[in-house]
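To start, the structure itself, in structure tokens.
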Amino acid sequence: MRKPLTLLGMTLFLFVIFLPAQKPDKILEGIDPVPQNPIEFILDAFDRCSVVALGEGNHMNWQAATFRLQLIRDPRFPQKVKNILVECGTSQYQHIMDRYIAGEHVPMDNVRLCWRETTQPVIWDAPIYEEFFKAVRQLNQSLPEEKKLRVLLGDPPIDWSTIHTREELENWYNERMITRPWGKSNIRDGHAYDVLVREVLSKGQKALAIFGDAHFAKPEIELAKGFFGDYLKGNLLVQLEHSHPGAALSITTHTGLKKIESSYPNILTWAKPSMAEMKGTKLGSIPHGPLKLEDFYDVILWLGPINTISYSKLVYETVEDESYYAEALRRDKLWIGQFQETLTDLRDKYLKETEKSKISVPYLGLKPPGMTPELFAPDLVTTNDGEGCSGWGNEMEYFVFQRWKNRKAKLYIMNRNNGVWGAPEPIPFLDKYQAGDFTIAPDGKTLVFASNIFVEEIGSEGEGGNIWVVKKTEEGWTEPKHIGPAINTKYHESYPCLTENGNLYFFSRRPGGYGTSDLYMSKFVDGEYQAPVNLGPKLNTEYHEWDTYTSPDESYMIYCSTKPDSLGEDDLYVTFKHTDGSWSDPVHMGNKINTEKSENRPYVSPDGNYFFYTSTIRGNRDIYWVDARIIEKLKQSITLR
């Protein structure tokens, strides 16, 4: 059985095998091609054809990816075309891509299935492909409904769990050859053709198609045997020419044409990027296999000299999940083994970096969690008594947490001396202040807490909460200071959180809000807190909103709500700040964090590495922690402006 082509080699077989070396002094026939602005060229092309078939050249190259983003972001693009058909996604998850591109909240782990479950393992994990989908999603937010773009996933569904050997993979391909009136097609091109005809051409619409160049080569010649089967005889472009003559314009990106610079040196003088038609030109007359280059493609996209082309590399996200890493290795080995060394090296580097990070972070000497929440310090901090708020201070030299004794909250502290952590000890002087919910400010020295002790000037006795400030110095704790009547009222104020600039976020049950309790913010100006501002109906509802943690730079906020779309009694949500200062729509933090019980008291460690919160899923209040990258993953699911 003949060995099939490599992952990249399959797409670029034309260029590597069929393009013979050219002598620099060889006289080429035809006229000099005329380089043009490629975006203008493509936009004009949509006026005369239904499909612009834009080849990637070598997969994973940055320059081609950058050009594609420039193209779709041109304001004229959505006026010309409705659809983008891509090779880098499986139609099995078209429903997920449709929701994501439309701007709905879809967890990124689900969105990644679109490119991770294709017939081509690993390659689409290069960040440029995810960035492309994000760019379309973001663009759609600014477009009217009738102009929104749709991304069509062109790869056929494959169930990798049923494929265990190379022979089974070859059989999978061979058994799915598609017979057309004009000949046969391999499953990948045949499926993409069906999607294009069904979702675009039959509806009288237009599409930009983005695949490897060999999918868009025009001549019906035998390119390869093996389980790809007569590759060019049934590729996507050939099928379109049979059923819809003249419907498509075929573009090759030059990154795979390694000899073109020596064959036609004038191309080195072109602007980057440029595009030119090849029919009847010196470029088009360059021998390409048994034919000429112009016989394969209509147009060439020039992105600059080959030695300037750079490539997107796989990132830690590809290998951080052990199960996906193992499966990616397995699939790649069945396919061709192209990424074996890359994956293993990346995984080794990731583990070393992770271990180094763990050693350098003094979390009571505990092994930090991954992306699944874990109880924090069982039996030491988290006990059957019930624990709530927690926080790290003074460059993580001490840890404070809340524990309930006889239905009353007490604050405990653990200190680190010479690298050794001491046992939890109560902070007794705070007992007389009945210190409750608290957070530690970014300076690591300031603890802000809620208390229900009497404050005569505002008549707060019995109403449940005022906000106080205490500092930890080398001599010990200062006396708590009442934060003042600009913040505290005779109603309930609690769960205070300070940011780097001193701004205060908290919740209050004062009248005039949207619900029983609302989120507020007070700016710190010239040493004084200003009148608090309600954070508005996007965050506050007719229900309870409380326990707001705001990041030191105010780029995001995590808070608790009892609104009906929660999973349980109250759930945690995150919102991110737009560039105009407004907050994004709140995002539910998902069922890894939230349960059918109560989740609240959010806090992120000062190094930004771990997210702490309280849950009652086990019956008590318990402190949990999880890798804070879960917050970044939620951010990736929304569009910020």
Side-chain angles (χ1 to χ4, degrees), residues 386 388-389 391 402 404 407-409 411 430 433-439 441 447-470 480-499 503-524 529-550 557-566 568-575 583 586 594 597-603 613-616 621:
C389 302
Q402 183 185 59
W404 274 264
R407 300 176 65 88
K408 288 186 177 181
L411 299 191
L430 285 179
Y433 288 92
Q434 300 175 40
D437 289 350
F438 74 91
T439 59
L447 187 148
V448 284
F449 66 92
S451 171
N452 60 3
I453 63 174
F454 176 64
V455 181
E456 183 174 2
E457 64 266 28
I458 58 175
S460 64
E461 185 176 18
E463 291 295 337
N466 283 168
I467 294 173
W468 296 72
V469 179
V470 62
K481 179 181 178 182
H482 182 257
I483 206 166
I487 305 299
N488 292 320
T489 68
K490 68 177 182 178
Y491 303 98
H492 183 91
E493 284 78 38
S494 187
Y495 211 86
C497 179
L498 291 174
T499 60
N503 290 344
L504 175 71
Y505 289 77
F506 63 99
F507 80 84
S508 175
R509 292 176 182 157
R510 65 188 66 191
Y514 295 90
T516 307
S517 58
D518 277 14
L519 308 179
Y520 289 82
M521 188 273 282
S522 172
K523 287 188 175 182
F524 190 61
Y529 282 102
Q530 308 303 298
V533 175
N534 187 293
L535 292 181
K538 182 178 286 188
L539 306 185
N540 293 311
T541 69
E542 61 186 289
Y543 303 94
H544 288 281
E545 275 71 41
W546 49 30
D547 290 9
T548 170
Y549 168 82
T550 304
M557 180 197 309
I558 301 172
Y559 68 95
C560 179
S561 177
T562 63
K563 57 186 177 180
D565 66 348
S566 62
E569 298 166 9
D570 51 351
D571 280 8
L572 290 169
Y573 295 77
V574 61
T575 176
W583 293 100
N594 294 310
K597 295 297 184 178
S598 176
E599 282 71 41
N600 46 44
R601 296 174 174 86
Y603 171 78
Y613 65 98
T614 298
S615 175
T616 61
R621 297 182 181 96

Here the gap from N466 atom CG to T489 atom OG1, rounded to the nearest 0.5 Å, amounts to 7.0 Å
Measure across Y529 and A486 and return the closest heavy-atom pair with its distance rounded to 0.1 Å. O-CB, 3.6 Å
Are the side chains of Y433 and H482 in touch, meaning some heavy atoms are under 4.5 Å apart? no
Look only at the side chain of S517 and the backbone of S508, and say whether a donor-acceptor pair between them is shorter than 3.5 Å. no
N/O donor-acceptor pair under 3.5 Å between N594 side chain and L572 backbone: yes
With sequence neighbours left out, the residues meeting side chain to side chain contact (heavy atoms under 4.5 Å, CB included) with P586 are K538, L539, Y559, K563, Y573
Euclidean distance, I483 CD1 relative to E493 CD, rounded to 0.5 Å: 10.5 Å
Taking all non-hydrogen atoms of both residues, which atom of Y495 and which atom of P602 are closest, and how far apart? OH-O, 2.7 Å
Check the angle between the aromatic planes of F506 and Y520 and answer parallel, tilted or perpendicular using the 30° and 60° thresholds. parallel
One should read off an interatomic distance between C560 SG and Y613 OH, to the nearest 0.5 angstrom, of 12.5 Å
Looking only at heavy atoms, which two atoms of A409 and G436 are closest? And how far apart? CB-CA, 4.5 Å
Evaluate the side-chain proximity of S494 to W546: yes if any heavy-atom separation is below 4.5 Å, no if none is. no
Tightest non-hydrogen contact, residues Y514 and P537, listed as OH-CD, 3.3 Å
Quick check: closest heavy atoms across G513 and N534, and the distance to 0.1 Å? CA-ND2, 3.9 Å
Distance from T439 atom OG1 to Y603 atom OH, nearest 0.5 Å? 8.0 Å
With sequence neighbours left out, write down each residue that passes side chain to side chain contact (heavy atoms under 4.5 Å, CB included) with Q434, or none if nothing qualifies. S451, N452, I453
Going by the side chain to side chain contact (heavy atoms under 4.5 Å, CB included) test, name the single residue among D570, T516, D518 that passes it with H544. T516
To the nearest 0.5 Å, atom CD of E599 lies from atom CD of E569 at 8.5 Å
Heavy atoms of S522 and Q530 approach each other most closely as OG-O, 2.6 Å
Quick one: sort the W468 and F449 rings into parallel, tilted or perpendicular, breaks at 30° and 60°. parallel
Is a side-chain N or O of S566 found less than 3.5 angstrom from the main chain of D571, in a donor-acceptor match? no
Contact check, side chains of T548 and C497, non-hydrogen atoms, under 4.5 Å: no
Is the backbone N or O of F507 less than 3.5 Å from a side-chain atom of E545, with the two atoms forming a donor-acceptor pair by type? no
Roughly how far, to the nearest 0.5 Å, is OG1 of T614 from CD of Q402? 7.5 Å
